[in-house]
Amino acid sequence: MSRFATFRQFYPFYLDEHRNAVSRRLHFVGSCGVLLLVAFALVRGQPRWLLAALVCGYGFAWVGHVFFEKNRPATFRHPFYSFAGDWMMFWDILRGRIRL
């Protein structure tokens, strides 16, 4: 049973797990890589690049957690909310609501 009933409840926890600026930058770079690799997969018609997108996104994020945040990624406890949190944080960074 999750301690978060809604994503709205989860997101402040998610942001608290991403206080380190280097970690946020790594998440942002990984998310940009995901978008580029998904676009590449679609344009080329080569779905194998979707696996590369998955590795890129999670790879950059997990490096941020292991080496800079020194915490366990929320993906392991809250996979769906964490995925949504990644993209919400990405969008908030683009809008200037979260600083890199």
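What you see below is based on every heavy atom in this structure, not just the backbone, and it leaves out hydrogens, waters and symmetry mates.
Remark: Arg8 CZ is loosely packed, at most 12 non-hydrogen atoms of other residues, nucleotides or ligands lying under 6.0 Å away. Other residues, nucleotides and ligands place more than 12 heavy atoms under 6.0 Å from the CZ atom of Phe7. Around CZ of Phe40, the count of heavy atoms belonging to other residues, nucleotides or ligands within 6.0 Å exceeds 12. For Trp91, the CH2 atom sits in a loose shell: 12 or fewer heavy atoms of surrounding residues, nucleotides or ligands are nearer than 6.0 Å.
Proximity of a side-chain donor or acceptor of Glu69 to a complementary backbone N or O of Asn20 within less than 3.5 Å is detected. In this structure a side-chain-to-backbone donor-acceptor pair under 3.5 Å is missing from Arg24 to Leu100. One N or O on the side chain of Arg19 and one on the backbone of Asp16 form a donor-acceptor pair closer than 3.5 Å.
Taking the six-membered ring wherever Trp is involved, the centroid distance between the rings of Phe4 and Tyr81 does not fall below 6.0 Å. Taking the six-membered ring for Trp and the full ring otherwise, the centers of Phe13 and Phe10 sit less than 6.0 Å from each other.
What you find for Tyr14 and Ser82 is that their closest heavy atoms are CE1-O, 3.8 Å. Nearest heavy-atom pair across Phe60 and Leu26 is CB-O, 3.3 Å. The two residues Cys56 and Gly30 have their closest heavy-atom pair at SG-O, 3.7 Å. Across all their heavy atoms, Arg72 and Glu17 have their closest contact at O-OE1, 4.0 Å. In plain terms, the two heavy atoms of Pro12 and Gln9 that are nearest each other are CD-O, 3.4 Å. Across every non-hydrogen atom of Leu50 and Ala41, the tightest pair is CD2-CB, 3.8 Å.
Side-chain heavy atoms closer than 4.5 Å link hydrophobic residues (I, L, V, M, F, W, Y) into clusters, and following such links, possibly through other members, connects Val38 to Leu94. In the hydrophobic clustering of ILVMFWY residues, with side-chain heavy atoms under 4.5 Å counting as a link, Val22 and Val66 come out together. Hydrophobic clustering (side-chain heavy atoms under 4.5 Å, transitive across Ile, Leu, Val, Met, Phe, Trp, Tyr) groups Leu42 together with Leu54. Leu51 and Leu37 are not part of a single hydrophobic cluster, where members link through side-chain heavy atoms under 4.5 Å apart.
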Review point. Can you list the steps and then say if Phe28 with Met89 is a side-chain contact (heavy atoms from CB on, under 4.5 Å)?
Key: CA-CA 8 Å; Phe28 188 80; Met89 185 170 70; over 6 Å; no

Review point. Going through the checks in order, is the side-chain contact (heavy atoms from CB on, under 4.5 Å) test met by Val43 and Trp49?
Key: CA-CA 11 Å; Val43 168; Trp49 289 102; over 6 Å; no

Exercise for review: Begin with the C-alpha distance, continue with both residues' side-chain angles, and end with the deciding distance and a verdict on side-chain contact (heavy atoms from CB on, under 4.5 Å) for Thr75 and Trp62.
Suggested key: CA-CA 10 Å; Thr75 302; Trp62 290 353; 4.0 Å; yes

Exercise for review: Could you go through the side-chain contact (heavy atoms from CB on, under 4.5 Å) check for Cys32 and Phe90 one step at a time?
Suggested key: CA-CA 9 Å; Cys32 289; Phe90 180 80; 3.7 Å; yes

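If you take CD1 on Ile98 and CG on Leu15, they are separated by 4.5 Å, rounding to the nearest 0.5 Å.
With contacts defined as side-chain heavy-atom distances shorter than 4.5 Å, the pair Val34/Asp86 does not qualify.
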